[in-house]
Amino acid sequence: MNDLLRTYFDAWPGVWAMDTARYVVAATLMAAIVAAFWQSGLARRKLQNRSATGGDIRREILASLRSALIFSLMGTVVIVGVRQGWVTLYTDFAAAGPLYLVLSLAFMLVAHDAYFYWMHRAMHHRRLFRLFHRHHHLSQTPTPWAAYSFSVPEAIVQGAFVPLFLTLVPMHGLALFGFGIIQIARNVMGHAGTELHPRAFGPGHWLGWNNTTTHHDLHHQTGRYNYGLYFRWWDKLMGTEHPDYRRKFEAIAATGVTP
Ligand SMILES: [Zn+2]
Ligand SMILES: [Zn+2]
């Protein structure tokens, strides 16, 4: 038991630093990109008339740093799990080959999208909303800083996915790292407040199965539709996609401003 605790506390500072840095770097980079290209086009792709206040941004940053702390406390359990043999996180490329690495990463994203959709819908239930998810919706006009802006109970639910998934599916360390990068990148893009995706991501176009900034921003505007994270599949299947999504995305694409 003492050995397990020592392993946990030895590993935790590194995991915390990584989880925090991932958020800080991604949100800072996204905010900097939005600011840099604001005058040259992104201002015309802004999704709401309202603008986030300084108080909104402060709340989003503080809650996100708290969530990163919670994710690290939960994620460190994975490292103990690896040492104990409960979790297979391998580093040898020859162990399963590049195809497995890519497929396991793709599968992890599809599984995370399903987990997120159903947890998210459950948290919108009137009995659960206040405790779990109201905090995230304090961001009526989200900014990239809202990426991890969750209440403590919601951060625990969100942080449970990676440890749960890893107990079921062996992963290469690089695939897990790639998942972490894609997850935060898509998250800050969804909260950017201005449409970052080119027309190819619009409904009916070849990348239209992906979510866009308009898609998640409509969720914050209405609190009713567009529960998915990366893909539109679950919203389409369950009839929860915003009825005006296509029209609103096309209207922005039609400004002719390319991001
Ligand atoms: Zn959101
Ligand atoms: Zn929501």
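When reading the values below, keep in mind they use all heavy atoms of this one structure, side chains included, and skip hydrogens, waters and symmetry mates. In each ligand, atom 1 is the first atom listed, and ligand 1 is the first ligand listed.
- In this structure, F165 has its ring center no closer than 6.0 Å to that of H112.
- Within a 6.0 Å radius of OH in Y100, more than 12 heavy atoms belonging to other residues, nucleotides or ligands are found.
- Only protein N, O or S atoms were considered, and those under 2.8 Å from the Zn ion (ligand 2) are H120 NE2, H124 NE2, H133 NE2, H137 NE2, H219 NE2.
- For the residue pair S72 and W12, a side-chain donor N or O sits within less than 3.5 Å of a side-chain acceptor on the partner.
- Between H220 and H191, the ring-plane angle classifies as perpendicular under the 30° and 60° cut-offs.
- At most 12 non-hydrogen atoms from other residues, nucleotides or ligands lie less than 6.0 angstrom from CZ of R130.
- Contacts of F129 classified as ring-ring contact (aromatic ring centres under 6.0 Å, His included), with partners at least two apart in sequence or in another chain: H124, H133, H137.
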